[in-house]
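In what follows, a single structure is set out as structure tokens and then discussed.
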Amino acid sequence: MSLVQLQIKPLTVEQLPEIVELDVNCLGGMWTMKGYQQEIDNPNSTLLVLTIPTKSASTPPSLEDFPTEKIIGIGCYWAILEEAHITMLAVQPDYQSKGLGQLLLYNLLSDAAKKNLERATLEVRESNFIALSLYEKFGFKRAGIRKGYYQKTGENAVILWRSGLATSDFMECLPNWEEIIKNRLQEHHFTFS
């Protein structure tokens, strides 16, 4: 079986309707189309989408008007002074537990490191053990609790913190993480470049 080529790239205006749909499916409608447009326009926001191809090279030319890729994940962080505040990390439910969240987080953190940001932080639901495990694999530590942070449910958020992004130690970890992620993705017939 051949590997499916994943791509990670910045969100474009043309993808706004699709990303809002992903947001509803994964996050219950965290941001609107206007909110995503503001993120695209904000020079301090890095918003990446994870896509898979939707047609093969053998697709007839008459179908060229159809999208050639489908968004299956999204990651976003804001550069605030020397900090990367991760605001969003989500993967379509049908594609979860395959290493795609790791790939998105890896790309967000390596991008932040290339921009000389020194640390990363985020909030995550106290009950989201899968996400907590993912972030801990990447060296995030618990820094506190925000009581009742999620308004719809009143659930607490765990504040996570990862320092040392601008260090040589962190940069030396990136190739190891990339190899681990690449191997995990190959188990699920994915690859990335």
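- Judged by distance alone, the side chains of Thr191 and Gln5 never bring a donor and an acceptor atom under 3.5 Å apart.
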Using distance only, find each side-chain donor-acceptor pair of residues 167-181 under 3.5 Å and give its atom names and separation, not counting sequence neighbours.
residue: Thr167; atom: OG1; partner: Gly164; partner atom: O; Å: 2.7
residue: Thr167; atom: OG1; partner: Phe170; partner atom: N; Å: 3.2
residue: Glu178; atom: OE1; partner: Tyr106; partner atom: OH; Å: 3.0

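- Here the CH2 atom belonging to Trp161 is positioned 4.5 Å from the CZ atom belonging to Arg119, to the nearest 0.5 angstrom.
- Across Thr87 and Met30, no two heavy atoms sit closer than the pair O-CE, 3.3 Å.
- With hydrogens and angles ignored, the 3.5 Å screen pairs a side-chain donor or acceptor of Asp23 with a backbone N or O of Gly29.
- To the nearest 0.5 Å, the span separating CD on Glu18 from CD on Glu69 amounts to 8.0 Å.
- Taking the charged nitrogens against the carboxylate oxygens, Arg162 and Glu118 have no contact shorter than 4.0 Å, which rules out a salt bridge.
- Note that CG of Leu100 is 12.5 Å distant from CG of Leu105, once rounded to the nearest 0.5 Å.
- Under the 4.0 Å criterion applied to side-chain N and carboxylate O atoms, Arg142 and Glu136 are assigned as salt-bridge partners.
- Under the 30°/60° scheme for interplanar angles, the aromatic rings of Phe190 and Tyr95 are found to be tilted.
- Distance check, rounded to the nearest 0.5 Å: CD of Glu187 to NZ of Lys182 gives 14.5 Å.
- In this structure the side chain of Val4 reaches within 4.5 angstrom of the side chain of Pro53, judged on heavy atoms.
- Shown here for Ala84 and Tyr77, the closest heavy-atom pair between the two residues is CB-CD1, 3.6 Å.
- With no hydrogens or angles considered, a side-chain donor-acceptor pair links Ser127 and Glu155 at under 3.5 Å.
- Using a 4.5 Å cut-off on side-chain heavy atoms (C-beta onward), Val158 and Leu160 make contact.
- Side chains of Glu21 and Pro17 form no contact here, defined as non-hydrogen atoms less than 4.5 Å apart.
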Start with the C-alpha gap between Tyr149 and Asn156, add the side-chain angles, then the distance that decides, and say whether side-chain contact (heavy atoms from CB on, under 4.5 Å) holds.
CA-CA 5 Å; Tyr149 182 76; Asn156 297 338; over 6 Å; no
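- When the side chains of ILVMFWY residues are joined at heavy-atom separations under 4.5 Å, either directly or via intervening members, Ile80 and Ile159 end up in two distinct hydrophobic clusters.
- In terms of heavy-atom proximity, Gly101 sits nearest to Val91 at N-CG2, 3.8 Å.
- Ile71 and Gln92 make their closest contact through O-CG, 4.2 Å (heavy atoms, listed as atom of the first residue, atom of the second, distance).
- A side-chain N or O of Lys115 and one of Thr46 form a donor-acceptor pair less than 3.5 Å apart.
- Val49 and Gln15 make their closest contact through CG2-OE1, 3.9 Å (heavy atoms, listed as atom of the first residue, atom of the second, distance).
- Under the 4.5 Å side-chain criterion, counting only non-hydrogen atoms from C-beta, Leu6 is in contact with Ile52.
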Could you walk me through whether Leu89 and Leu134 pass the side-chain contact (heavy atoms from CB on, under 4.5 Å) check?
CA-CA 11 Å; Leu89 185 71; Leu134 168 65; 3.7 Å; yes
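- Under a 3.5 Å cut-off, the side chain of Thr51 and the backbone N or O of Lys70 do not form any donor-acceptor pair.
- With Ile74 as the partner, the side-chain contact (heavy atoms from CB on, under 4.5 Å) test is satisfied by one option alone out of Leu50, Ile19, Leu104, Leu48: Ile19.
- Of all heavy-atom pairs spanning Thr32 and Val20, the tightest one is C-CG2, 4.0 Å.
- Between the side chains of Asn42 and Gln38, no donor-acceptor pair of N or O atoms lies under 3.5 Å.
- Side-chain contact between Asn44 and Trp78: absent, with no pair of heavy atoms (C-beta onward) separated by less than 4.5 Å.
- Note that CG of Leu11 and CD1 of Ile40 are 4.0 Å apart. Values are rounded to the nearest 0.5 Å.
- Put simply, Leu108 and Leu81 are part of two different groups of oily side chains (I, L, V, M, F, W, Y) that touch within less than 4.5 Å, one to the next.
- Linking Ile, Leu, Val, Met, Phe, Trp and Tyr residues whenever their side-chain heavy atoms come within less than 4.5 Å places Phe129 and Phe138 in a single cluster.
- Note on Leu132 and Phe140: same hydrophobic cluster, where clusters join Ile, Leu, Val, Met, Phe, Trp and Tyr whose side-chain heavy atoms are under 4.5 Å apart, directly or indirectly.
- By the 4.5 Å heavy-atom criterion applied to side chains, Tyr36 and Ser45 are not counted as neighbours.
- Val24 and Leu22 fall into different hydrophobic clusters, where Ile, Leu, Val, Met, Phe, Trp and Tyr are joined by side-chain heavy atoms under 4.5 Å apart, directly or via other members.
- For the atom pair Asn116 CG and Leu165 CG, the distance stands at 10.5 Å (nearest 0.5 Å).
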